[in-house]
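Since the model is a prediction, treat every value here as computed from it, not as a measurement.
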Amino acid sequence: MGQVFGCVKVRESTVAVKEQWGKFNEVLEPGCHCMPWCIGYSKAGLLSLRVQQVEVRCETKTKDNVFVMVVASVQYRAMAEKAPDAFYKLTNAKAQIQAYVFDVIRATVPRLDLDSAFEQKHDVAKSVESQLDKAMSTYGFQIVQTLIVDIEPDVQVKKAMNQINAASRLRVAASDKAEAEKILEIKKAEGEAESKYLSGMGIARQRQAILDGLRESVLAFSGSLRPREVMDLVLMTQYFDTMKEIGVQSKSSAVFIPHGIGAVEDISTQVRDVLLHANYVEH
């Protein structure tokens, strides 16, 4: 009905291209416009000003001869002030954007090796956006943003990269494990050294206590017993202590010698004779 009376409604975020007798006349903003068809006015078409997105998949190779699939996402919109250019100059804006993206990516990525391509995705995206915005502004389009959303190498290359990464991590883990085992061995050796040191101190104190006890015993009995009887008592006590220690141990490598009462008396006689002889030599 509106067209019968020459009225045209343009929705928000959209502009209409008005022609007269097939020639561009003006751009109609959102709202209601009078367009009398009887004098040759007509609506050539509508142009959306909304941001649109096109995804481009481009196969190329890196500097180290690895083929990759680069996935770029381009967001663009038509500029209201250049609506005639956007409407008339391009038949397919998405195809034109795709061609420019192919050209820039295939000129940029081959200068980078695979690792650098992953690290410099942002720089590649900026390069694509700069070149694309310069080219598409001529046709009335603005490039809002360009993103390199993914870089997909071949499956075998990805598997090899994962194996390299896994081997590197295993090497670090093995180094850390060896360092931990080294620390444990050092701590164990330090513990054993400390234990032996304390054990040696205990044995030394034990022997010192035995000597002090023997000294006190000799002094206590020296008033009522003769030196020979005291010496026999000390030797007898040590003899029974030694036999007790040998009997307690389950695995003993002791060598037995005659150990009767008479043998002990013979041993005491020999020890006493040696001491008397040494005393005689000194005098």
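- Under the 4.5 Å side-chain criterion, counting only non-hydrogen atoms from C-beta, L49 is not in contact with T14.
- Counting only residues at least two apart or in different chains, side-chain hydrogen bond (donor to acceptor under 3.5 Å, both in side chains) contacts with residues 140-151 comprise R77-Q142.
- By the salt bridge (Lys or Arg N to Asp or Glu O under 4.0 Å) test, R57 pairs with E152, sequence neighbours left out.
- Here the CD1-CZ distance, from I151 to F118, works out to 5.5 Å after rounding to the nearest 0.5 Å.
- Under the 4.5 Å side-chain heavy-atom criterion for ILVMFWY residues, no single connected hydrophobic cluster contains both L90 and F87.
- Heavy-atom contacts from other residues, nucleotides or ligands closer than 6.0 Å to NZ of K94 number 12 or fewer.
- Partners of Y76 by ring-ring contact (aromatic ring centres under 6.0 Å, His included), not counting sequence neighbours, listed by chain and number: F141.
- By the 4.5 Å heavy-atom criterion applied to side chains, P84 and V27 are counted as neighbours.
- Cluster annotation: F102 and V68 are assigned to the same hydrophobic cluster (Ile/Leu/Val/Met/Phe/Trp/Tyr, side-chain heavy-atom contacts under 4.5 Å, transitive).
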Inset, instruction - Let me see the working for V71 and E55 under side chain to side chain contact (heavy atoms under 4.5 Å, CB included), right down to the final yes or no. - result: CA-CA 7 Å; V71 182; E55 185 175 285; 3.9 Å; yes
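- No donor-acceptor pair under 3.5 Å is formed between the side chain of S42 and the backbone N or O of A44.
- The two atoms that bring V144 and E129 nearest to each other are O-OE2, 3.8 Å, heavy atoms only.
- With hydrogens and angles ignored, the 3.5 Å screen pairs no side-chain donor or acceptor of S130 with any backbone N or O of K126.
- Here S73 contributes atom OG and I148 contributes atom CD1; the two are 9.5 Å apart, rounded to the nearest 0.5 Å.
- A pairwise comparison of heavy atoms in T138 and K134 identifies OG1-O, 3.8 Å as the closest pair.
- The shortest side-chain heavy-atom distance between L112 and Q120 falls under the 4.5 Å cut-off.
- Counting heavy atoms from C-beta on, the side chains of Y100 and Q131 never come closer than 4.5 Å.
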Legend entry - Trace of the side chain to side chain contact (heavy atoms under 4.5 Å, CB included) decision for L28 with E26: CA-CA 6 Å; L28 302 179; E26 65 174 329; 3.8 Å; yes
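- Atom CD1 in I97 sits 11.5 Å away from atom OH in Y139 (nearest 0.5 Å).
- Checking side-chain atoms of Q20 against main-chain N and O of I39 turns up a donor-acceptor pair under 3.5 Å.
- Both V54 and V124 are assigned to one and the same hydrophobic cluster, defined by single-linkage of ILVMFWY side chains at heavy-atom distances under 4.5 Å.
- The structure places NE2 of H122 at 9.5 Å from CG of L147, a figure rounded to the nearest 0.5 Å.
- More than 12 non-hydrogen atoms from other residues, nucleotides or ligands lie less than 6.0 angstrom from CZ of R106.
- The shortest side-chain heavy-atom distance between V104 and L132 does not fall under the 4.5 Å cut-off.
- The cluster map of Ile, Leu, Val, Met, Phe, Trp and Tyr, joined by side-chain heavy atoms under 4.5 Å apart, puts L47 and Y88 in the same cluster.
- Relative to the six-membered ring of F24, K18 misses at least one condition, a distance below 6.0 Å or an angle of at most 45° to the axis.
- Considering every non-hydrogen atom in both A78 and S48, the closest pair reads CB-O, 3.8 Å.
- The CZ atom of R111 lies 13.5 Å from the OG1 atom of T62; values are rounded to the nearest 0.5 Å.
- The hydrophobic clustering, which links ILVMFWY residues whose side-chain heavy atoms are closer than 4.5 Å, places M79 and V10 apart.
- C32 and C7 get closest at one heavy-atom pair: SG-CB, 4.3 Å.
- Taken to the nearest 0.5 Å, the CD atom of E59 stands 12.0 Å off from the CD1 atom of I105.
- Two residues are said to be in side-chain contact when any heavy atoms from C-beta on lie closer than 4.5 Å; I143 and Q75 fail this criterion.
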